[in-house]
Trainee: 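Just dropping this structure here.
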There are 4 protein chains.
Amino acid sequence: MSANKRGRKRTFTELARRAQIVAAAIETIAEMGYGQASFAQIAQRAGLSSTGLISYHFASKDELIEQLVDEVVTAGQAFMGPRIEAAVGARAKLRAYLESNLEFMASHRAHIVAVAEIFNALPRERGGQPAPYGVWHERGIAQLQDLLRQGQRAGEFASFSTRVMAVTIRAAIDAVGYQLGADPNLDLKTNARELSALFDRATRSGKPGERAPGCSGERPRRTRRTAAD
Amino acid sequence: MSANKRGRKRTFTELARRAQIVAAAIETIAEMGYGQASFAQIAQRAGLSSTGLISYHFASKDELIEQLVDEVVTAGQAFMGPRIEAAVGARAKLRAYLESNLEFMASHRAHIVAVAEIFNALPRERGGQPAPYGVWHERGIAQLQDLLRQGQRAGEFASFSTRVMAVTIRAAIDAVGYQLGADPNLDLKTNARELSALFDRATRSGKPGERAPGCSGERPRRTRRTAAD
Amino acid sequence: MSANKRGRKRTFTELARRAQIVAAAIETIAEMGYGQASFAQIAQRAGLSSTGLISYHFASKDELIEQLVDEVVTAGQAFMGPRIEAAVGARAKLRAYLESNLEFMASHRAHIVAVAEIFNALPRERGGQPAPYGVWHERGIAQLQDLLRQGQRAGEFASFSTRVMAVTIRAAIDAVGYQLGADPNLDLKTNARELSALFDRATRSGKPGERAPGCSGERPRRTRRTAAD
Amino acid sequence: MSANKRGRKRTFTELARRAQIVAAAIETIAEMGYGQASFAQIAQRAGLSSTGLISYHFASKDELIEQLVDEVVTAGQAFMGPRIEAAVGARAKLRAYLESNLEFMASHRAHIVAVAEIFNALPRERGGQPAPYGVWHERGIAQLQDLLRQGQRAGEFASFSTRVMAVTIRAAIDAVGYQLGADPNLDLKTNARELSALFDRATRSGKPGERAPGCSGERPRRTRRTAAD
DNA sequence: TATGAATGAGGATTCATTCAT
DNA sequence: TATGAATGAATCCTCATTCAT
């Protein structure tokens, strides 16, 4: 992926142009939706005077989108990875997973919305051929399943289908991204706290010393509920 | 809705053709994705020799999609409504909600996949103007929030943001539909059981006589876990 | 023209239907313009539930339009002919020609507007093949030229190109029809009076006893002029 | 008006292409009529291999037509304006108006025919919304009315409705353009001379020293009349 | 006769991509 | 490298006409 179409290593300028185009594509897709994100729109936003330049730097629209997704996912992992690893224990890691995900969303709103648009707009896995970016999705699920299995082995988590739980956790996070597309003022902190608590209850075992809040009759963090709940 | 463009009551033939076209659209969208579902593709699948016939029966592509969504949503509500109402108590209703949703998916796979495609492909709410079928989504969320609030008032459910919980429940269900698009052999019964348990734990209060399974250290329905979990 | 496509004489019903369709076409074209007057629009206005019926009664759209023009022109001639013949002398006949034309317009606004639309919208004479309804136009010009030549022979009219004068008179009348399409409240009586006077001055000879108003320094019918003149 | 859709100044090539396409549109419309002037026809006549190129250079068909009309009207005004201004006195100006109009027609036959086609084919003013290029028409009428009023104030012209007279003059000129579409060999010089004389008689007052030719019993320029008159 | 269904050609427009400069 | 010009396939939609009933 580091070689251009002439088989040479990409020059600095070339890399800069690609980055600029990808950035413009992110903005465009986030703002107008994948369906409206034509080369013309992207070029305009990038300040380019020709769509031809996009075709010059990217073999096809597919390659542009691939690059875009790649960058966002990589950035996300770079942001979240350390935070998750720093947490001790499966419960803490799960909480870190959820909260760092939403924290990343807060600082990379357009990126997240764009990637969500792309995932949704592109054809899914059908018959035999895989979805274009299904790999990333499956990789994320697998990573989560690992975490959940560790917790189950450690007795921190109850017994449940790690697959179903992982898919649900991802779906919950993606739903926040989806809502963020519609409402830029969405309160991500509240969402993070609520989701953390939700999946904590959903996963935790009833082990002594790890008793679920519901079991003790007390609630750790009482939150005021408003009408908008 | 029962009058055609000439202001006449729709004939039997017309209704049949419309249904046939809608069915072809469902198949096409479910199989190829919304983006690829042109009139030409739909007409071909319906065995029509001209795209003009689709335009003859539907005022626009929008009307076709609207009709499609309407049919699927109406059918879904007709299927699920009674099952949810028959359940007694909020916990049981929530379980019925989840299970009837997935049961409907099992028998209407293409319908669900098609509608999921449409929801995802169409422009989202941006700035001020709402998403085309966002109404349905918001209505579903609101309905779920009602159910959750009732459970909270009755003491069956713990304290949490009903909005976040409702969005997460819907996201979990939609994720199952999404997976169904990729894998027609998805085990919906297992998914239904797991999701029921998951959200039962996530919502329930610690009231006596309503103790969460996790608290007793035992699991009611022990499920064999496979590697694919 | 009195036989239908099966070579039979047209039944009363058939004639009635044709008349009804022609009437609807007149209304539609006058109101929406020729370009928007599709069979669907005409059928709807005629209260028919199928465009097929129009095709059943008329061999083609061309035949419908032909019939329409025929009816309007015939009605116009029936109205104007006697009025012109009743006038004595070329000057009086020319005045009668102009005034009866505009009088007919007043009572057959839609007809006139529709025919004007058709004349304008249809292809003109090009290369060799004649304009569809150029015949009517040329016939009208020829008739006017006859009248003008008679006046010249009788010494009532000055010497001028009867062709140019005839074309100009028709153009002036058609321009009134054109304006009538835009402004239904157009004052036809004033237009008739002004055009009569205009072409009286433009045609008349300087013979004694027939002196032009301009020559005597007096004006026969003094009209108050308003700012809108 | 000098910036293209990318907000750039138009290049030489772009201007040339636009001009070429406008020229092809003029030819096509003049020859086949507005109704038959599809992008396909225009592209073919311009030697383009794709209708897409027209859309590339013009935002819409409307813009193409607008540009076409604009060019022709501007050229016409540039041609006629100085000739009218050079004339001294209302009578001479009116004569210059008529003669320069027809002179322009002689050298820009297709342009005039095309614009006449467009004016006629496009929807007229109806209800409230104005005709697309009605502005030009009304502006021409207003300009003529100004000229006529000046002549009336100066005593050169008799008393008449300047509106009716102006509309009739324009109609007479347009009728020449109309005939030109059908007969390319139309004798424009004779038409110019006859129309000049016609409207001179129609407008002039009976003032001493400005006596109408008809009053003297003599004709200044005796013209041979042929059968075709 | 009359209806509604069906056809297929033709309408403008959008778009990613290619190419010469 | 970068630009603008050009391409041609694909988009939805309109319409007069035909046909079976």
Trainee: Looking only at side chains, do A/E71 and A/Q67 share a donor and an acceptor under 3.5 Å apart?
Mentor: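 Yes, a side-chain donor-acceptor pair sits under 3.5 Å.
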Trainee: Any side-chain N or O of C/H57 under 4.0 Å from OP1/OP2 of E/dA2?
Mentor: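 So the side chain of C/H57 is within the cut-off, an N or O lying under 4.0 Å from OP1 or OP2 of E/dA2.
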Trainee: With a 3.5 Å limit on both atom pairs, tell me what E/dT21 is paired to, counting Watson-Crick and G-U wobble, or say none.
Mentor: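 Check on E/dT21: paired to F/dA2, both distances under 3.5 Å.
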Trainee: So which protein N/O to nucleotides 14-16 of chain F N/O distances come out below 3.5 Å?
Mentor:
| residue | atom | partner | partner atom | Å |
| --- | --- | --- | --- | --- |
| F/dA16 | OP1 | C/K61 | NZ | 2.6 |
| F/dA16 | OP2 | C/F39 | N | 2.8 |

Trainee: Heavy-atom nearest nucleotide on DNA chain E for D/F58 versus B/L15: which residue maps closer to 5'?
Mentor: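 Whichever sits nearer the 5' end wins; that is B/L15.
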Trainee: Any ion pair linking B/E14 and B/K9 (charged N to carboxylate O, less than 4.0 Å)?
Mentor: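 Between B/E14 and B/K9 there is no salt bridge, as every charged N stays at least 4.0 Å from the carboxylate O atoms.
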Trainee: When A/T28 is tested against each of A/E117, A/R45, A/Q41, A/Q36 for side-chain hydrogen bond (donor to acceptor under 3.5 Å, both in side chains), which residue passes?
Mentor: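 Per the side-chain hydrogen bond (donor to acceptor under 3.5 Å, both in side chains) rule, the option paired with A/T28 is A/R45, out of A/E117, A/R45, A/Q41, A/Q36.
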Trainee: Does B/R17 put a side-chain nitrogen or oxygen below 4.0 Å from OP1 or OP2 of E/dG4?
Mentor: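 No, no such contact exists.
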Trainee: Any side-chain N or O of B/S49 under 4.0 Å from OP1/OP2 of E/dG8?
Mentor: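 Indeed, a polar side-chain atom of B/S49 lies that close.
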Trainee: If you find the nucleotide of DNA chain E closest to B/F12 and the one closest to A/D62, which residue's nucleotide is nearer the 5' end?
Mentor: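 By nearest-heavy-atom nucleotide position, the 5'-most residue is B/F12.
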Trainee: Need the pair for E/dG8. Rule: Watson-Crick or G-U wobble, both distances under 3.5 Å, any strand; none if unpaired.
Mentor: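 E/dG8 is paired, partner F/dC15.
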Trainee: Looking only at side-chain atoms of B/L53, point me to the closest of F/dG4, E/dA2, E/dT7.
Mentor: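 Selected nucleotide: E/dT7.
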Trainee: Hey, are C/K61 and C/E66 close enough for a salt bridge, meaning a charged N less than 4.0 Å from a carboxylate O?
Mentor: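 Looking at C/K61 and C/E66, the cut-off is not met.
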Trainee: Is any side-chain nitrogen or oxygen of B/R10 closer than 4.0 Å to OP1 or OP2 of E/dG4?
Mentor: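 Answer no for this pair, as no side-chain N or O of B/R10 is under 4.0 Å from OP1 or OP2.
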